[in-house]
Amino acid sequence: MKLNRRAFVGTGMAAASTLAAPNVHAASHGKPKVVVVGGGAGGATAARYVAKDSAGEIDVTLIEPSRSYYTCFFSNLYIGGFRDLASIEHSYGTLASEYGINVVHDWAVGVDRDAKTVSLAGGGAVPYDRLILSPGIDFVDGAVPGWDVTAQNAMPHAYKGGSQTELLKAQIAAMPEGGTYVMVAPPNPYRCPPGPYERISMVAHVLKATNPTAKIIIADPKEKFSKQALFEEGWQKHYGGMIERIGPDFGGGNVSVDPAAMTVDIDGEVVQADVVNVIPAQKAGLICDAAGLTEGNWAPVSGHTMQSRMDENIHILGDATNQGDMPKSGYSANSQAKVAAMAVRGALTGSRVFPAKFSNTCWSLIDTEDGVKVGATYEATDEKIAKVDGFVSQTGEDAALRKATYEESIGWYEGITSDMFG
């Protein structure tokens with residue numbers, strides 16, 4: 001990534017802010033403290049909005065181990081060759097230098113809910129008056145027999161942006177002529193983006209140009225998936241004969257893998273593969289479970305404020321939540337972050353809090369300028385975040401509309417990343 005002066009200065013400020021973390025807390029002179037864990041679409045947005053809209057009345061700390069954030073959304077387009085890696089990489093420098101956020105690059109490893117502190121892997125604890133958790137997802141142990149995170153270099157998941165995405169792209173490029181790519185698709189609910197079926201489209205786009213006799217197999221435990229008719233129409237149009245999906249009726253839910261042998265067993269039929277992309281069942285980021293905020297695999301929240309149903313001083317966003325009808329997407333997390341930020345400011349400074357409203361759109365690219373989308377608006381009820389209305393692209397749309405949909409997604413990407421990082 002090219003570092004312009006602003007990015008360089010901002011990065012330096014972020015590093016200085018990290019080193020000065022204990023002094024920032026000591027010098028806050030009684031200002032209320034908000035700690036945000038996780039610097040993705042939910043956490044970065046929440047930190048920025050709390051800091052920006054409180055105009056210095058609240059001391060904001062963002063805890064995120066990575067110094068660069070790679071978006072899951074559009075990471076499939078990097079795999080497909082439509083983006084370079086630098087275009088999905090983002091710095092926390094502006095949040096530190098322009099919004100006064102104390103950016104701490106460390107792992108949050110525990111929450112003491114009685115003392116209201118977050119403990120760090122590097123030592124010490126950060127106090128809070130309100131805590132916002134946006135840790136994303138982790139994987140359910142044993143979800144795919146034969147696979148765990150120690151096998152992620154042989155069989156990458158590429159479900160957290162950065163090195164895993166680079167690895168999967170490199171493995172696809174190195175496939176032998178006529179080779180086999182296998183995706184083990186996740187059960188519901190799962191993080192999307194990076195959508196599994198957009199990823200299949202992007203892999204097929206690459207292989208069609210570089211390795212046209214290659215084969216793609218999807219082992220899928222789900223009977224159906226979002227935008228299925230659109231993807232299947234697009235696969236037939238652009239990649240006829242290359243992609244085979246094996247659903248649960250034919251054993252797609254009975255899958256194990258052998259990373260050493262690079263094989264996938266699909267209901268007793270062993271497939272020798274060249275690339276295996278394993279996307280296991282998912283659960284809330286580990287910090288939620290460590291803090292005692294989960295029921296089953298997810299953290300239940302109130303849609304009105306994104307507050308944990310187990311601790312009113314903690315708000316939880318995005319993929320980690322059990323909130324109702326919203327999908328686990330970056331757009332959803334960004335939307336939820338604004339509701340949480342408003343609720344936090346209201347609780348700590350007495351500012352006005354408006355009724356919660358949410359929106360989401362998920363775009364997918366099937367082939368060059370062949371973009372589709374699905375989305376909805378939502379409102380908070382006492383039970384959940386409830387869908388109000390929705391929309392979805394239709395099969396048979398003309399090329400001009402599909403191109404416009406793709407271009408719309410590019411504009412959205414620029415807008416949301418600016419909204420996250422300033």
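Keep in mind it's a predicted model, so treat the numbers as computed, not measured.
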(request) Using only heavy-atom distances, determine whether the side chains of S364 and K373 contain a donor-acceptor pair under 3.5 Å. (result) no
(request) State, to 0.1 Å, how close A299 and I316 come at their nearest heavy-atom pair, and which atoms those are. (result) CB-CD1, 3.6 Å
(message) Strictly below 4.0 Å, N to O, side chains only: are K31 and E57 in salt-bridge contact?
(response) no
(request) Taking the six-membered ring for Trp and the full ring for Phe, Tyr or His, determine whether the centres of H90 and F421 are under 6.0 Å apart. (result) yes
(request) Tell me, yes or no, whether the heavy-atom count around E223 atom CD, taken from other residues, nucleotides or ligands under 6.0 Å, exceeds 12. (result) no
(message) Looking at R402 and E397, is there a salt bridge between them, counting it only when a charged N and a carboxylate O are closer than 4.0 Å?
(response) yes
(message) Quick check: do E198 and L77 have side-chain heavy atoms less than 4.5 Å from each other?
(response) yes
(message) A side-chain contact here means heavy atoms from C-beta on lying under 4.5 Å apart; do I279 and Y190 qualify?
(response) no
(message) Restricting to non-hydrogen atoms, name the atom on L230 and the atom on S393 that form the minimum distance, rounded to 0.1 Å.
(response) CD1-O, 3.5 Å
(request) Specify the closest pair of heavy atoms between Y92 and G39, including all atoms of both residues, with the distance to one decimal. (result) OH-O, 2.8 Å
(request) To the nearest 0.5 Å, tell me how far L85 CG sits from Y70 OH. (result) 5.0 Å
(message) Could you check whether D84 and Y78, counting side-chain N and O atoms only, form a donor-acceptor pair closer than 3.5 Å?
(response) no
(request) With rounding to the nearest 0.5 Å, note down the distance linking CD1 in I101 to CG in L62. (result) 6.5 Å
(message) Ignoring hydrogens and geometry beyond distance, is a side-chain donor-acceptor pair present between R345 and T349 at under 3.5 Å?
(response) no
(request) Determine whether the side chains of Y406 and E369 contain a donor N or O and an acceptor N or O closer than 3.5 Å. (result) no
(message) Taking CD in E407 as the centre, count heavy atoms belonging to other residues, nucleotides or ligands within less than 6.0 Å. Is the count above 12?
(response) yes
(message) If we count only N and O atoms by modelled type, under 3.5 Å, do the side chains of E232 and Q228 hold a donor and an acceptor together?
(response) yes
(message) On the six-membered ring of Y413, is R83 placed so that its NZ or CZ lies under 6.0 angstrom from the centre and within 45° of the ring axis?
(response) yes
(message) So which atom in D138 and which in G285 form the shortest heavy-atom distance, rounded to 0.1 Å?
(response) OD2-CA, 3.3 Å
(message) Could you check whether any side-chain heavy atom of F73 comes within less than 4.5 Å of a side-chain heavy atom of I88, counting everything from C-beta outward?
(response) no
(message) Looking at every heavy atom in both M326 and I385, which two are closest together, and how far apart are they?
(response) CG-CG2, 3.6 Å
(message) Looking only at side-chain N and O atoms, does S226 offer a donor or acceptor that is under 3.5 Å from a partner on Y197?
(response) no
(request) Taking the side chain as every heavy atom from C-beta outward, state whether P156 and Q171 have any pair of such atoms under 4.5 Å apart. (result) yes
(request) For P194 and N76, work out which heavy atoms get closest and say how close. (result) C-ND2, 3.6 Å
(request) Would you mind reporting whether D311 and L293 have side-chain heavy atoms less than 4.5 Å apart? (result) yes
(request) Drop me the distance from I172's CD1 to D274's CG, to the nearest 0.5 angstrom. (result) 11.5 Å
(message) Check D367 with K237, please: is the shortest side-chain N to carboxylate O separation under 4.0 Å?
(response) no
(request) Provide the full list of ring pair (Phe, Tyr, Trp, His ring centres under 6.0 Å) pairs with a residue in residues 344-396, sequence neighbours left out, each pair given once. (result) W363-W412
(request) Give a yes/no verdict on a cation-pi contact between K52 and Y49, requiring under 6.0 Å between NZ or CZ and the six-membered ring centre and an angle within 45° of the axis. (result) yes
(message) Between K33 and D129, does any NZ, NE, NH1 or NH2 come within less than 4.0 Å of an OD or OE carboxylate oxygen?
(response) no
(message) Between Q307 and S302, is there a side-chain donor-acceptor contact under 3.5 Å, judged purely by atom types and distance?
(response) no
(request) For T180 and I217, run side-chain contact (heavy atoms from CB on, under 4.5 Å): C-alpha distance rounded to whole Å, both residues' side-chain angles, the deciding distance at 0.1 Å, then the answer. (result) CA-CA 8 Å; T180 300; I217 298 172; 4.1 Å; yes
(request) Kindly compute the distance separating OG (S75) from NZ (K169), expressed to the nearest 0.5 Å. (result) 11.5 Å
(message) Can you confirm whether or not the ring centre of F82 sits under 6.0 Å from the ring centre of H205?
(response) yes
(message) We want to know whether N277 and H157 form a side-chain donor-acceptor pair, criterion being a heavy-atom distance below 3.5 angstrom.
(response) no
(request) Answer with yes or no whether the side chains of D389 and T377 bring together a donor and an acceptor at under 3.5 Å. (result) yes
(message) Could you check whether any side-chain heavy atom of R48 comes within less than 4.5 Å of a side-chain heavy atom of T94, counting everything from C-beta outward?
(response) no
(request) Quick one: list whatever passes salt bridge (charged side-chain N to carboxylate O under 4.0 Å, His left out) with K384, sequence neighbours left out. (result) D325
(request) Look up atom NZ in K338 and atom CE in M306, then write down how far apart they are to the nearest 0.5 Å. (result) 14.0 Å
(request) Report yes if the side chains of K160 and R191 come closer than 4.5 Å at any heavy-atom pair, otherwise no. (result) yes
